[in-house]
Amino acid sequence: MTSNSQPPLGTLDRVAYFLLRGVTLICDALGVILLASVMLLIVAAVLARDLLGLGMPWTEEVASMLAVYAVAFGSLSACVRFEHLAVDLFSHRLGGLARSVQHRLVGLLSTGFYALAAWGAITMSIASANNRTVSLGISFSYLYYGIFLAFAGMALVTSWQAVRGPVAWQAALQSEQESF
């Protein structure tokens, strides 16, 4: 990977820079691997059914679980890069201080939403611990763990963004990762 941006000089910012960079690379790689696995699994199931006459009912359960985790990793990566859907009607008209306040306020509100969603996912995981899938007997809790992973990770990222505020190196890191 060629880096066009220079890491920040401050120790905490430098750690955050490399940590966020690593998180996005790992999440992107895992998301691609999981989505490719879903595609391969579906193709294998269709070929086994149509060519060999073998039914593989368990593939639906595994594909669903892989898709949930692929979306979880993708959403965490998108959160780090500020690629989630946002309506930006007036930010470009704000001054430096007002933009910083808005950035922190959005970070705090997002953290609250993500933390609430993570709590809901872990609550559903506990409530569905005894519910099992039909073919493999896998607990539905594992599906909710993927949702929890996504929302808890996004809550951590947005809480850091709210505390730290906007930083110049994050835009450079975002543009570097967009070049892939």
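Numbering of residues begins at 1 and proceeds along the displayed sequence.
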Taking the side chain as everything from C-beta on, heavy atoms only, tell me whether [X] gets closer than 4.5 Å to [Y].
X	Y	value
F148	M124	no
I42	T59	no
W160	L19	no
S77	V23	no

* To do: Using a cut-off of 6.0 Å, state whether more than 12 heavy atoms not belonging to D50 lie near its atom CG.
  =>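 Counting other residues, nucleotides and ligands, CG of D50 exceeds 12 neighbours.
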
* To do: Report, as yes or no, whether the 6.0 Å neighbourhood of atom CD on E60 holds more than 12 heavy atoms from other residues, nucleotides or ligands.
  =>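 Not buried by this count: 12 neighbours or fewer within 6.0 Å.
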
Rounded at 0.5 Å granularity, tell me how far [atom1] in [X] sits from [atom2] in [Y].
X	Y	atom1	atom2	value
N131	F140	CG	CZ	6.5 Å
L108	Q161	CG	CD	11.0 Å
L30	L25	CG	CG	11.0 Å
C79	F151	SG	CZ	10.5 Å
F73	D28	CZ	CG	11.5 Å
T111	L116	OG1	CG	12.5 Å

Do you reckon [X] sits in the same ILVMFWY cluster as [Y], going by side-chain contacts under 4.5 Å, direct or chained?
X	Y	result
V62	L34	yes
L76	F113	yes
Y17	L156	no
I138	V71	no
Y114	L149	yes

* Qualifying salt bridge (charged side-chain N to carboxylate O under 4.0 Å, His left out) pairs, either residue in residues 118-142, two or more places apart ->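 As it turns out, there is no salt bridge (charged side-chain N to carboxylate O under 4.0 Å, His left out) pair with a partner in residues 118-142 once direct neighbours are skipped.
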
When you measure from the side chain of [X] to the backbone N and O of [Y], does any donor-acceptor pair fall under 3.5 Å?
X	Y	answer
E61	V134	yes
S139	A129	yes
R104	V163	yes
S125	A121	no

Search all heavy atoms of [X] against all heavy atoms of [Y] and return the closest pair with its distance.
X	Y	answer
M56	A45	CE-CA, 3.5 Å
A152	A118	N-CB, 3.8 Å
A72	G146	CB-O, 3.2 Å
M65	L143	CA-CD2, 3.6 Å
L66	S37	CD1-CB, 3.9 Å
G31	A70	O-CB, 4.0 Å

* **Parallel, tilted or perpendicular, as decided by the 30° and 60° cut-offs, for the rings of Y145 and Y142** =>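 Answer is perpendicular, since the angle exceeds 60°.
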
* Output, in order, the C-alpha distance, side-chain angles, deciding distance and verdict of side-chain hydrogen bond (donor to acceptor under 3.5 Å, both in side chains) for S110 and T158. => CA-CA 6 Å; S110 297; T158 55; 5.5 Å; no

